[in-house]
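Throughout, a chain's letter reflects where its sequence line sits, starting with A, and its residues are numbered from 1. Not measured: the values here are computed from a predicted model.
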Protein chains: 2
Amino acid sequence: MKWVKLMTNRVRRTMPLLPISIVMQLTELTARQIRYYEEHGLVSPARTEGNKRMFSLNDVDTLLEIKDYLDQGLNMAGIKKIYDLRETPANEKAEPKNLSDAELRRLLHEELKHQARPFEKGGFRQSDLSRFFN
Amino acid sequence: MKWVKLMTNRVRRTMPLLPISIVMQLTELTARQIRYYEEHGLVSPARTEGNKRMFSLNDVDTLLEIKDYLDQGLNMAGIKKIYDLRETPANEKAEPKNLSDAELRRLLHEELKHQARPFEKGGFRQSDLSRFFN
DNA sequence: ATTTTTGTGTTAGAAAACATAACATTGATT
DNA sequence: AATCAATGTTATGTTTTCTAACACAAAAAT
């Protein structure tokens, strides 16, 4: 079952869940800025069928970093270079990627359902999606 | 620092981040169903300035639970009752809830920042859940 | 000291997503 | 047969997001 863990970890951070409006709030960037950074390949949000950008938590992470770098005086080229260097294609392991939608949903659902609640035991008020933020 | 952790946990789970379309995919419920459950007070998503529903991770959890209960044959009344009973106003402790947006953002930022570096995000434009896993 | 480039603002017009509200349908309860 | 509960469907209006274009100030290059 290790692969499940890995997959869900990956899924957690890469799931495109957030519309640009939320990302704007989370990052304090304007839509213009976010799109501009995308234009330069620094983020690659998914798209809905209707072509709307949907961002993952990783994307938010990246955008916050970009913001930091800009604050530190770097320009696009510098930031690009940093990310290029960071890319270690060596340690990119191929992951099992041939699950049906239904299966993936079921896995997600399972995880959501049986989350150990830290404190209470009887009252599992919520199964906790917050792992998505880890 | 413990309370920070707790607090951020709470914040993370209650932050209204997700539009209804994403919640639909996550829960496999229709918009109609989700709105109907809201009508019955089972979830209370936040609203944007423009009146669009924004759901928290807790909301998703709740919706998944509702789905389970319905599958188990409960009806609205039953589910309502369950949530009513679950509400133990005794253990509702007042939580420190007076952080500025900037502070919250910084906390979130910190958490996101010191994470293991993710994967590549290639551009993709697919429908269904499969676009979550690339 | 000009000229060019960069990063961002602003605007316009179109399309997508979402809202409410009403009516329809289906299966269970009375 | 009539009612009710949960959901589907449709109509219509508003909000959000999109792309593309032009504007502009500050930095960089010439």
Side-chain angles (χ1 to χ4, degrees), chain A residues 15-56 59-60 62-83, chain B residues 16-56 59-60 62-83 123-129 131-132:
Chain A
M15 259 214 233
L17 298 174
L18 317 174
I20 198 170
S21 54
I22 291 294
V23 175
M24 290 170 65
Q25 291 173 202
L26 254 29
T27 61
E28 283 188 305
L29 294 168
T30 66
R32 183 70 168 89
Q33 290 175 299
I34 296 171
R35 297 192 191 112
Y36 184 70
Y37 305 152
E38 179 187 12
E39 216 171 289
H40 284 263
L42 297 179
V43 287
S44 303
R47 297 290 184 127
T48 66
E49 283 189 16
N51 201 36
K52 268 83 179 94
R53 271 167 266 253
M54 294 300 302
F55 297 79
S56 69
D59 291 329
V60 174
T62 300
L63 287 170
L64 288 170
E65 284 185 355
I66 294 171
K67 220 186 146 195
D68 267 6
Y69 285 133
L70 289 175
D71 285 348
Q72 292 170 36
L74 301 226
N75 60 8
M76 289 292 112
I79 300 176
K80 262 187 247 189
K81 180 60 79 181
I82 288 180
Y83 282 115
Chain B
L17 298 174
L18 316 174
I20 198 170
S21 55
I22 292 294
V23 175
M24 289 170 64
Q25 301 182 61
L26 253 31
T27 60
E28 282 188 304
L29 294 168
T30 67
R32 184 67 166 93
Q33 289 176 300
I34 296 170
R35 296 194 191 110
Y36 184 70
Y37 304 151
E38 178 186 12
E39 217 170 287
H40 284 264
L42 297 180
V43 287
S44 302
R47 298 289 185 129
T48 67
E49 283 190 14
N51 201 37
K52 270 84 179 86
R53 270 168 265 253
M54 294 299 301
F55 297 79
S56 69
D59 290 330
V60 174
T62 301
L63 288 170
L64 288 172
E65 284 185 355
I66 293 171
K67 222 188 145 195
D68 267 7
Y69 286 134
L70 288 175
D71 284 348
Q72 292 170 35
L74 301 228
N75 61 7
M76 288 295 111
I79 300 176
K80 260 187 250 190
K81 180 60 77 182
I82 287 179
Y83 283 115
F124 36 85
R125 188 168 314 225
Q126 304 156 31
S127 56
D128 286 335
L129 267 183
R131 74 193 170 73
F132 284 158

Q) Hey, what bend do you get for the helix from dA1(C)-dT30(D) to dT30(C)-dA1(D) if you fit axes on five pairs at each end, rounded to 10°? A) 20°
In Å, rounded to the nearest 0.5 Å, how long is the span from [atom1] of [X] to [atom2] of [Y]?
X: Ser21(A); Y: Met54(B); atom1: OG; atom2: CE; answer: 5.5 Å
X: Ile22(A); Y: Ile22(B); atom1: CD1; atom2: CD1; answer: 11.5 Å
X: Gln25(B); Y: Thr27(B); atom1: CD; atom2: OG1; answer: 9.5 Å
X: Leu17(A); Y: Phe55(B); atom1: CG; atom2: CZ; answer: 13.5 Å

Distance check needed: [N] [atom2] versus [X] [atom1], whole Å only.
X: Met24(A); N: dT17(D); atom1: CE; atom2: P; value: 8 Å
X: Lys67(A); N: dT8(C); atom1: NZ; atom2: P; value: 11 Å
X: Leu18(B); N: dA17(C); atom1: CG; atom2: C1'; value: 15 Å
X: Asp71(B); N: dA6(D); atom1: CG; atom2: P; value: 14 Å
X: Ile79(A); N: dG7(C); atom1: CD1; atom2: P; value: 8 Å
X: Met54(B); N: dT17(D); atom1: CE; atom2: P; value: 8 Å
X: Glu39(B); N: dA19(C); atom1: CD; atom2: P; value: 13 Å
X: Ile34(A); N: dG7(C); atom1: CD1; atom2: C1'; value: 14 Å

Q. What nucleotide, of dG9(C), dT7(D), dC18(C), holds the atom closest to the side chain of Pro19(B)?
A. dC18(C)
Q | Selected nucleotide, minimal atom distance to Asn75(A) side chain, candidates dA6(D), dC18(C), dG7(C) | A | dG7(C)
(Q) Holding to side-chain hydrogen bond (donor to acceptor under 3.5 Å, both in side chains), I want the full list of residues that pass it with Tyr69(A), two or more places apart in sequence or in another chain. (A) Arg86(A)
Q | Contact nearer the 5' end of DNA chain D, comparing Glu49(B) with Gln33(B) | A | Gln33(B)
Q: Answer whether the closest heavy-atom distance between the side chains of Leu63(B) and Val43(B) falls below 4.5 Å.
A: yes
Ignoring backbone atoms, establish whether [X] has a side-chain N or O less than 4.0 Å from OP1 or OP2 of [N].
X: Thr30(A); N: dG9(C); result: yes
X: Thr48(A); N: dA17(C); result: yes
X: Tyr36(A); N: dT8(C); result: no
X: Tyr37(A); N: dT8(C); result: yes

Got a list of protein N/O to nucleotides 25-30 of chain C N/O distances below 3.5 Å?
none

Q: Let me see the working for Asp59(A) and Thr62(A) under side-chain hydrogen bond (donor to acceptor under 3.5 Å, both in side chains), right down to the final yes or no.
A: CA-CA 5 Å; Asp59(A) 291 329; Thr62(A) 300; 5.3 Å; no
Between the protein and nucleotides 20-22 of chain C, list every N/O to N/O distance that falls short of 3.5 Å.
| from | atom 1 | to | atom 2 | distance (Å) |
| --- | --- | --- | --- | --- |
| dT20(C) | OP1 | Arg47(B) | NH1 | 3.2 |
| dT20(C) | OP1 | Arg47(B) | NH2 | 3.3 |
| dT20(C) | OP2 | Arg53(B) | NH2 | 2.2 |

Q: Can you sort out the partners of Thr30(A) under side-chain contact (heavy atoms from CB on, under 4.5 Å), two or more places apart, ordered by chain and number?
A: Arg32(A), Gln33(A)
Q: List in chain and number order the residues that pass side-chain contact (heavy atoms from CB on, under 4.5 Å) with Met24(B), two or more places apart in sequence or in another chain; answer none if no residue qualifies.
A: Ile20(B), Ala31(B), Ile34(B)
Pairs under 3.5 Å (N/O, protein and nucleotides 28-30 of chain D):
none

Pairs of donor and acceptor atoms involving the side chains of residues 73-82 of chain A, under 3.5 Å and at least two apart or interchain, shall be tabulated with distances.
| from | atom 1 | to | atom 2 | distance (Å) |
| --- | --- | --- | --- | --- |
| Asn75(A) | OD1 | Ala77(A) | N | 3.4 |
| Asn75(A) | OD1 | Gly78(A) | N | 2.9 |
| Lys80(A) | NZ | His40(A) | ND1 | 3.1 |

Q.
Holding to salt bridge (Lys or Arg N to Asp or Glu O under 4.0 Å), I want the full list of residues that pass it with Arg35(A), two or more places apart in sequence or in another chain.
A. none
(Q) Using the salt bridge (Lys or Arg N to Asp or Glu O under 4.0 Å) criterion, which residues pair with Arg47(B)? Sequence neighbours excluded. (A) Glu38(B)
Q) Can Tyr36(A) and Leu29(A) be said to form a side chain to side chain contact (heavy atoms under 4.5 Å, CB included), step by step? A) CA-CA 11 Å; Tyr36(A) 184 70; Leu29(A) 294 168; over 6 Å; no
Q: Please indicate whether Gln72(A) has more than 12 foreign heavy atoms, meaning atoms of other residues, nucleotides or ligands, lying under 6.0 Å from its CD.
A: yes
